[in-house]
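Worksheet: the structure to be examined is printed underneath.
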Amino acid sequence: MSYENLAGRTAVVTGAASGIGEAVAVLLAAQGAKVALLARRRERLDALVEKIRANGGQALAVVADVTDDGSVDAAVERIHAAYGTVDLVVNSAGVMLPNPVDDRRIDEWRRMIDTNVTGVLRVTGAFTADLVGAAAEGRPADLVNISSIGAHIVFPNYAVYGATKAAITHLSETLRAEFGPRDVRVTNIEPGFTATELAQHIDSDGLREQVDGMLEAVGSLSSEEVADVVAYVGSRPRHVNLRQIMVLPTRQA
Ligand code: NDP
């Protein structure tokens, strides 16, 4: 499938080392965008950049931790030096660490809030001037946040993860109100079950098996299917803003 308006764009994709972020980076590059890939695992990013370049695309590996101010500042500097200003930002970096609240896993609460909420804000803030500048020049400019259906549905043990995703959904609404009048589009995407590494970081065998069981029962989207939605959004004429999209496996209620 080919999408209009993606060739010549300059994109930043966080969480590009795996899953949805990786698929988005591959698809945007295949459509002719220059793509900066952000995540912490250098070897993953290097391998992906090699794959994209082998297919004729343009990509840059930028090792960065979205929870760290200095790391994000350095990433922005590298991206500007290599590619100039950015006109498409996809916030996909995230962690899901379920636990009963009684366990008081402050370490995991902090990791989720720092990555899923403050990380998204840190990256968004770092590129806001780029997006506003691109829009002022009459070019399409997009902020795409990967929230989750978990922003709306209650799962026991997922209180903090769900709260971080509800925060992203709410934040996206407010950012749209702030950026829209300046012609910057904001899109909040809420996927359902998607087959990625997300559940691999759960440190309770029981809770990890519970996720595997749910995925088996209702099936899952592929990362490429979510990436297709991101590419569709970015490829609309610049006055068209798909602001909120839920995308679920058909059997997921
Ligand atoms: P993955 O675990 O495959 O991807 C998460 C990515 O985030 C990895 O590339 C990881 O790379 C990166 N990341 C994690 N922490 C940081 C950090 N501190 N700094 C920079 N990058 C970081 O899972 P998904 O692709 O599924 O997750 C992507 C997004 O999709 C998440 O926000 C998730 O909440 C959301 N989502 C996922 C669903 C699913 O069912 N899979 C459903 C709904 C939403 P590295 O470790 O190298 O840093």
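All ligand and atom numbering here is 1-based and tracks the order in the structure. No experiment lies behind these values; they were computed from the predicted model shown.
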Tell me whether R105 is salt-bridged to D103, with the criterion being a basic N under 4.0 Å from an acidic carboxylate O. no
Please answer: with hydrophobic residues joined when any side-chain heavy atoms are less than 4.5 Å apart, are V89 and V186 in the same cluster? yes
Atom 45 (P) of ligand 1: closest protein heavy atom, distance to 0.1 Å, is R41 NE, 3.5 Å
Residue, atom name and distance, where the atom is the protein heavy atom closest to atom 34 (O) of ligand 1: Y161 OH, 2.6 Å
Is the NZ or CZ atom of R176 both under 6.0 Å from the centre of the six-membered ring of F179 and within 45° of that ring's axis? no
Among side-chain atoms of T85 and D130, is any donor-acceptor pair under 3.5 angstrom? no
Would you please determine whether T14 falls within less than 4.0 Å of ligand 1 on a heavy-atom basis? no
Using the rule that Ile, Leu, Val, Met, Phe, Trp and Tyr join whenever any side-chain heavy atoms are under 4.5 Å apart, tell me whether V95 and V226 fall into a single cluster. no
At under 4.0 Å between heavy atoms, what of A199 touches ligand 1? The answer is neither
Region of E190 that comes within reach of ligand 1 [heavy atoms, distance under 4.0 Å]: neither
Can you hop from L48 to I146 via hydrophobic side chains spaced under 4.5 Å? yes
Inspect the contact between R185 and D142 and indicate whether a charged nitrogen and a carboxylate oxygen are less than 4.0 angstrom apart. yes
Under 4.0 Å to a heavy atom of F193 - the qualifying atoms of ligand 1, by number: 40 (O)
Exam field: side chain S220 to backbone T194, donor-acceptor pair closer than 3.5 Å: no
Which residue and heavy atom of the protein sit nearest atom 24 (P) of ligand 1, plus the separation: T196 OG1, 3.4 Å
Please check whether P191 reaches ligand 1 - meaning an N/O of the residue sits under 3.5 Å from an N/O of the ligand, judged on distance alone. no
Quick one: nearest non-hydrogen protein atom to atom 38 (C) of ligand 1, plus distance? L198 CD2, 3.9 Å
Would you check whether S148 has a nitrogen or oxygen atom less than 3.5 angstrom from a nitrogen or oxygen atom of ligand 1? no
Is there at least one pair of N or O atoms, one from T67 and one from ligand 1, spaced under 3.5 Å apart? no
What's the shortest distance from atom 31 (C) of ligand 1 to any protein heavy atom, and which residue and atom give it? S92 O, 3.3 Å
Check against salt bridge (Lys or Arg N to Asp or Glu O under 4.0 Å), R243 and E173: CA-CA 8 Å; R243 66 169 202 165; E173 289 291 295; 3.2 Å; yes
Ligand-side contact atoms (ligand 1) for residue partner A17, heavy atom cut-off under 4.0 Å: 9 (O), 11 (O), 47 (O)
Does the N or O separation between L38 and ligand 1 drop below 3.5 Å for any pair? no
Would you mind checking if R122 and D68 are paired as a salt bridge, meaning a charged N to carboxylate O distance below 4.0 Å? no
Using a 4.0 Å heavy-atom cut-off, which part of T115 comes near ligand 1: side chain, backbone, both, or neither? side chain
Between E197 and R41, does any side-chain N to carboxylate O distance fall below 4.0 Å? yes
If you measure every N/O of A39 against every N/O of ligand 1, is any gap under 3.5 Å? no
Side chains of L121 and L171: closer than 4.5 Å at any heavy-atom pair? yes
For G19, the ligand 1 atoms with a heavy-atom partner under 4.0 Å come out as 3 (O), 25 (O)
Does the residue A64 have a heavy-atom contact with ligand 1, meaning some pair of atoms that are separated by less than 4.0 Å? yes
Check this for me, if you would: do R111 and D114 make a salt bridge, where the nitrogen-to-carboxylate-oxygen distance has to be below 4.0 angstrom? no
Among P249, A23, G21, G15, which one has a heavy atom closest to atom 9 (O) of ligand 1? G15
Starting from atom 32 (O) of ligand 1, which protein heavy atom do you reach first, and at what distance in Å? K165 NZ, 2.9 Å
Hey, is the main chain of R9 close enough, under 3.5 Å, to the side chain of D87 for a donor-acceptor pair? no
Report yes if some N/O of V95 lies less than 3.5 Å from some N/O of ligand 1; otherwise report no. no
Look at the side-chain heavy atoms of Ile, Leu, Val, Met, Phe, Trp and Tyr, link any pair under 4.5 Å apart, and say whether I149 and L242 land in one connected group. no
For atom 16 (C) of ligand 1, find the nearest protein heavy atom and state the residue, atom name and distance (0.1 Å precision). R40 NE, 3.5 Å
Could you see if L27 belongs to whatever hydrophobic cluster contains L60? Use Ile, Leu, Val, Met, Phe, Trp, Tyr and a side-chain cutoff under 4.5 Å. no
Looking only at protein heavy atoms, what sits closest to atom 19 (N) of ligand 1 is V66 N, 2.9 Å
May I ask you to list the atoms of ligand 1 that are less than 4.0 angstrom from any heavy atom of D65? 17 (C), 18 (N), 19 (N)
Measuring from atom 13 (N) of ligand 1, which candidate in S18, A16, A93 has the nearest non-hydrogen atom? A93
Distance under 4.0 Å to a non-hydrogen atom of G94: what atoms of ligand 1 satisfy this? 5 (C), 7 (O), 14 (C), 31 (C), 32 (O)
Between L221 and G192, which heavy-atom pair has the shortest distance, and what is it? CD1-N, 4.5 Å
Side chain, backbone, both or neither: which part of S147 comes within less than 4.0 Å of ligand 1 when only heavy atoms are counted? backbone
Contact with ligand 1 for G192, non-hydrogen, under 4.0 angstrom: yes
I146 heavy atoms within 4.0 Å reach ligand 1 at atoms 29 (C), 30 (O), 32 (O), 35 (C)
